[in-house]
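Remember, it's 1-based here, ligands and their atoms both numbered in the order they're listed. Computed from a predicted structure; not experimentally measured.
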Amino acid sequence: MSSHILVTGASGRAGTEMVRQLAAGASVRGAVHYPDHDAEGRVGRVDFVEVDFDRPDTLDTAFRGIDQAVLITPEEPEMVAQTRNLVQAAERAGVGHLVRVSFLHSGTAGGPLLDWHREAEEVVRESAIPATILRPNSYMQNFLTMYGPSIFVRGAFFTPMGGGRISYIDARDVADAAVKVLLRADRDGRESGRDERIYSLTGPQSLPHDEIAAILTRVVGQPIRYVDVGQDEACVALRRRGASEQLVEALCELWLAMRHDEFATTAGDFEELTGRPPRGFEDFVREHAGELRVSPTART
Ligand SMILES: NC(=O)c1ccc[n+]([C@@H]2O[C@H](COP(=O)([O-])OP(=O)(O)OC[C@H]3O[C@@H](n4cnc5c(N)ncnc54)[C@H](OP(=O)(O)O)[C@@H]3O)[C@@H](O)[C@H]2O)c1
């Protein structure tokens, strides 16, 4: 019998895609922060439940009857406490397997953000529930959400990466990896135990941002520039947008590590897990060229 699967962060970049894929053949429940009345239309027949990771009283309903759960929490210092709330709710509900979405090099590079991720991983691994850890690098989808608006209005993306290379991964591949782990555990979990590995998930190539700009320019067919804004300017802009000082420090340190090539690693774990190579950046741009266009009235 197939298991009942809960995906938290179900409205987020990787969570949405996991729910969409699982809905095609498994019993899936999506835990969302706010009700989204359009979600059913987007992903098909899914049982959505409203939760707040900071309020344990909202979590028991979400975990009721669940066999396996994917734990995705936001990029905030609260992620450790939130993960603890989720793990405790999973334990109360008798969940049999957890899949945690963490970050590449958690605890060994990248500063406080990745220290929070490592602490959250430890909360998961210290539980009696068998757990698989996925550690993806930055998502290609950030080019749509973070840089898409400036590409549209300025024909440029602004980021403090210098010449640093990053092996961006498509968030759909993160979802593919999670679904593979979940369905495999579903199929042979009882006989062989759950897969308690850590998977480092990266794209197939690590690219510097001037090469990314060249790919965008060629594939979209409009000039798109990379502007290295420098570390200080990027951190000031983050503060101006109202981010907490703790988050500003964490993201600034992560960017500095990225600038120094610490997230250029390419790993073979995705291909080993799924049997195919991860999607490349150029294919990603081709599929999203319409969303990465420059406005005819752009101030370039
Ligand atoms: N983006 C990347 O490049 C990347 C790469 C590797 C790892 N990660 C990791 O993946 C995780 C998610 O990041 P993301 O970029 O995918 O963010 P995201 O798309 O915004 O996903 C976060 C999800 O958590 C939900 N959420 C936030 N606060 C909540 C709360 N208090 N209670 C219940 N749900 C809540 C959000 O819902 P609402 O939006 O409705 O609040 C959203 O669905 C982070 O831990 C991040 O470090 C991200």
Aromatic ring centroids of H209 and F158 under 6.0 Å?
no
Answer with yes or no after comparing the ring centroid distance for Y226 and F157 against a 6.0 Å cut-off, counting only values under it.
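Yes, close enough.
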F281: partners by ring-ring contact (aromatic ring centres under 6.0 Å, His included), with sequence neighbours left out:
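Result, ring-ring contact (aromatic ring centres under 6.0 Å, His included) vs F281: F143, F284.
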P74 vs F53 side-chain heavy atoms within contact, under 4.5 Å
yes
Check: every ligand 1 N/O to protein N/O pair under 3.5 Å:
{"unit_1": "ligand 1", "atom_1": "3 (O)", "unit_2": "Y139", "atom_2": "N", "d": "2.8"}
{"unit_1": "ligand 1", "atom_1": "3 (O)", "unit_2": "N142", "atom_2": "ND2", "d": "3.0"}
{"unit_1": "ligand 1", "atom_1": "15 (O)", "unit_2": "R13", "atom_2": "NE", "d": "3.2"}
{"unit_1": "ligand 1", "atom_1": "15 (O)", "unit_2": "R13", "atom_2": "NH2", "d": "3.0"}
{"unit_1": "ligand 1", "atom_1": "19 (O)", "unit_2": "R13", "atom_2": "N", "d": "2.8"}
{"unit_1": "ligand 1", "atom_1": "31 (N)", "unit_2": "H33", "atom_2": "NE2", "d": "3.4"}
{"unit_1": "ligand 1", "atom_1": "31 (N)", "unit_2": "D52", "atom_2": "OD1", "d": "3.1"}
{"unit_1": "ligand 1", "atom_1": "32 (N)", "unit_2": "F53", "atom_2": "N", "d": "2.9"}
{"unit_1": "ligand 1", "atom_1": "37 (O)", "unit_2": "S11", "atom_2": "OG", "d": "3.4"}
{"unit_1": "ligand 1", "atom_1": "41 (O)", "unit_2": "H33", "atom_2": "ND1", "d": "2.8"}
{"unit_1": "ligand 1", "atom_1": "43 (O)", "unit_2": "S11", "atom_2": "OG", "d": "2.8"}
{"unit_1": "ligand 1", "atom_1": "43 (O)", "unit_2": "G12", "atom_2": "N", "d": "3.1"}
{"unit_1": "ligand 1", "atom_1": "45 (O)", "unit_2": "T73", "atom_2": "O", "d": "2.7"}
{"unit_1": "ligand 1", "atom_1": "45 (O)", "unit_2": "H117", "atom_2": "NE2", "d": "3.3"}
{"unit_1": "ligand 1", "atom_1": "47 (O)", "unit_2": "E75", "atom_2": "OE2", "d": "2.6"}
{"unit_1": "ligand 1", "atom_1": "47 (O)", "unit_2": "H117", "atom_2": "NE2", "d": "2.8"}

Please, which pairs that meet disulfide (SG to SG under 2.5 Å) have at least one residue in residues 228-258, sequence neighbours excluded?
C235-C252
Enumerate the side-chain hydrogen bond (donor to acceptor under 3.5 Å, both in side chains) contacts for residues 239-248, please, sequence neighbours excluded, ordered by first and then second residue.
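side-chain hydrogen bond (donor to acceptor under 3.5 Å, both in side chains) check on residues 239-248 returns R239-E245.
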